[in-house]
Amino acid sequence: MSSTELPAESASVSNVLPRVTPVRVAEGERLRSVELPGFTLTVRTRPATRAGLPPALYVHGLGGSSQNWSALMQELEDVVDGEALDLPGFGDSPPPDDGDYTVGGHARAVVRHLDASGRGPVHLFGNSLGGAVATRVAALRPDLVRTLTLVSPALPELRVQRSAVPTALVAVPGVARLFTRFTREWSAEQRVRGVTALCYGDPGRVSPDGFRDAVREMERRLQLPYFWDAMTRSTRGIVNAYTLGGQHGLWRQAERVLAPTLLVYGGRDQLVAFRMARKAARAFRDSRLLTLPDAGHVAMMEYPQEVARAFKGLLSDTAGEAGAFADSRTAALVSETDGGDGNAVESAGS
C-alpha cells in the first residue's frame with residue numbers, strides 16, 4: 001500500500017449495483033463513474049463558468065448523496081470547479097469491495113479519488129458524516145486540501161442531543177432490522193417528510209419540486225438491497241469514531257488541520273448540537289465560524305447563498321496566504337510520513 005492511502009480493514013466482498021431508477025441530474029450537472037482500487041464512485045460535476053478556477057470536492061453526510069450539494073455548487077460555479085462524490089454505498093455508488101463503512105474507510109475513498117484524479121489540493125467541503133471524513137482527510141493529507149469547509153460536522157459530543165439518539169441507535173445490532181420491519185408500510189413520501197423534519201430547521205423551505213425529487217430518490221434507494229446495510233454500518237462507523245482517543249480521535253485530528261477552515265452551524269440542528277460550534281472554532285487552528293440561527297443540519301441546502309457568501313469570504317481572506325499554506329502542508333506531510341515511508345498515515349485510519 002502506498003503512503004497516499006489510509007489502511008483497509010476488512011476482507012473483500014463483491015458488490016453488484018442492481019438496475020434501479022436513474023439518479024436525478026440537475027441542469028448543468030454531469031455524472032460519471034470512477035473505478036478505483038476497492039471502490040467504484042459516482043461523481044457529480046458542475047463545470048466552472050470559466051477556465052482556470054481552483055478545484056473543489058464536496059462530501060455528503062449520512063444517508064445523503066452528491067445531490068445534497070447541487071444548490072451550493074451552483075452558487076459557487078463562478079469561483080471553483082466543483083465535484084461532489086457519492087460515498088461508497090450511497091447515492092449511485094455501490095458498496096466498497098471490503099465492506100468498510102468506517103470514517104477511515106470513507107476517507108480512504110476520498111483520498112484515492114483525489115490521488116487518482118490529480119485535482120488536489122482542493123477546496124474540500126463536508127457535511128455531517130462527510131465533515132468527519134473531510135476532517136480526517138485534511139489532517140492526514142494536508143497536501144490535498146487548500147481550504148476546509150465543514151457544515152454541521154459529525155465530531156464527537158459528550159452530551160448527544162435527545163433528537164439525535166434515534167439515529168445513533170441504528171448502529172446497535174438488530175435495531176435496523178427491527179426498524180425496517182416496523183416501517184415496512186411507510187411510503188417514500190412519509191419517509192421523506194420524516195427526514196426533512198429532522199434535518200431542516202424549517203421543512204417549509206423545501207420547494208414542491210424539491211420534495212417531489214426527494215421522494216423519487218427515496219423510492220430509488222429503497223430498491224437497493226444494500227441500502228440499510230450502508231446506513232447501519234456508516235452510523236456504527238461514526239459511533240466508533242466518537243470513542244477513539246489519542247492521535248486517532250477526531251478532535252485531535254481537527255487540531256492538526258493546517259488548511260484555513262470555515263465552520264457552519266445551524267441553530268435548529270437536531271443532530272449536531274449548536275453548542276459545539278465554539279468548541280470547533282477553538283479546535284481548528286485557522287477557523288472562521290458562520291452561525292445560522294434558523295438553519296438545521298443541512299445549511300448548504302437551506303441557505304446556499306449565505307454559505308456561498310461565507311466561503312467566498314474565506315477565499316478572499318486566504319488569497320494572499322496560499323504560498324505559505326502550501327509550504328506548511330508540504331512540511332507537515334514530510335514530517336508525518338517520516339521521510340516518505342508512510343507509517344504514520346497508514347496507522348491513522350479508524
Side-chain angles (χ1 to χ4, degrees), residues 5-18 20 36-42 59-66 68 85-113 126-137 152-157 160 164-184 191 195 198-199 217-218 220-244 248-250 271-272 297 348-350:
E5 299 173 358
L6 299 171
E9 299 177 3
S10 306
S12 176
V13 296
S14 61
N15 60 62
V16 179
L17 184 65
V20 295
L36 299 167
F39 306 97
T40 298
L41 300 178
T42 295
V59 186
H60 65 80
L62 181 68
S65 76
S66 57
N68 294 164
L85 57 78
D86 289 331
L87 290 172
F90 293 93
D92 205 34
S93 294
D97 287 353
D98 60 5
D100 183 358
Y101 288 100
T102 63
V103 171
H106 287 310
R108 191 178 309 115
V110 173
V111 167
R112 288 188 185 176
H113 171 62
N127 168 235
S128 192
L129 164 63
V133 170
T135 297
R136 178 152 295 190
V137 171
S152 296
L155 300 175
E157 300 181 40
V160 179
V165 171
T167 301
L169 286 176
V170 173
V172 178
V175 170
R177 187 178 298 109
L178 289 174
F179 182 76
T180 303
R181 185 181 306 169
F182 176 74
T183 63
R184 184 179 297 132
R191 295 174 189 272
V195 170
L198 181 64
C199 292
E217 174 62 12
M218 179 62 72
R220 189 193 70 83
R221 293 185 189 185
L222 291 174
Q223 298 176 55
L224 299 172
Y226 53 80
F227 172 75
W228 280 111
D229 187 57
M231 282 288 294
T232 302
R233 294 192 184 201
S234 292
T235 304
R236 193 173 298 150
I238 296 175
V239 173
N240 289 343
Y242 276 27
T243 66
L244 293 175
H248 306 300
L250 284 170
L271 294 171
V272 171
H297 192 59
S350 66

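Note that the numbering runs from 1 along the sequence shown for the chain.
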Checklist outcome for this item: Note: Pro156 and Ala241 closest approach over all heavy atoms is CG-O, 4.5 Å
Item to check | Test item: Leu85 and Ser66 side chains (from C-beta on) under 4.5 Å apart, heavy atoms | outcome: no
Checklist entry - So which heavy atom on Ser65 is nearest to which on Gly91, and how close? => result CB-CA, 3.7 Å
Checklist outcome for this item: OH of Tyr101 to OG1 of Thr235, rounded to nearest 0.5 Å, is 11.5 Å
Next on the checklist: Nearest 0.5 Å, please: how far is CZ in Arg191 from CZ in Arg221?
Outcome noted: 12.5 Å
Next on the checklist: Asn240: which residues meet the side chain to side chain contact (heavy atoms under 4.5 Å, CB included) condition with it, sequence neighbours left out?
Outcome noted: Arg236
Checklist entry - Measuring from Ile238:CD1 to Leu129:CG, what's the distance to the nearest 0.5 Å? => result 4.5 Å
Next on the checklist: Minimum heavy-atom separation for His113 and Leu41, please, with both atom names.
Outcome noted: CB-CD1, 4.0 Å
Next on the checklist: Can you tell me how far apart CZ (Phe227) and CE (Met218) are? Round to the nearest 0.5 Å.
Outcome noted: 5.5 Å
Next on the checklist: Quick check: closest heavy atoms across Phe39 and Asp97, and the distance to 0.1 Å?
Outcome noted: N-OD2, 4.4 Å
Checklist outcome for this item: All heavy atoms of Ser234 vs all of Phe90, minimum pair found to be OG-CE1, 3.3 Å
Item to check | Spacing of CG belonging to Asp92 relative to CG belonging to Leu224, to within rounding of 0.5 Å | outcome: 8.0 Å
Checklist entry - Of all heavy-atom pairs between Thr135 and Leu250, which one has the smallest distance, and what is that distance? => result CG2-O, 4.2 Å
Next on the checklist: Return the CZ to OG1 distance between Arg233 and Thr102, rounded to the nearest 0.5 Å.
Outcome noted: 11.0 Å
Next on the checklist: Under a 3.5 Å distance rule, please check whether His60 uses its side chain to pair with a backbone N or O of Leu87 as donor and acceptor.
Outcome noted: yes
Checklist entry - For the side chain of Ser152 and the backbone of Val272, is there at least one donor-acceptor N/O pair under 3.5 Å apart? => result no
Checklist entry - Which residues pass the ring-ring contact (aromatic ring centres under 6.0 Å, His included) test with His297, sequence neighbours left out? => result none
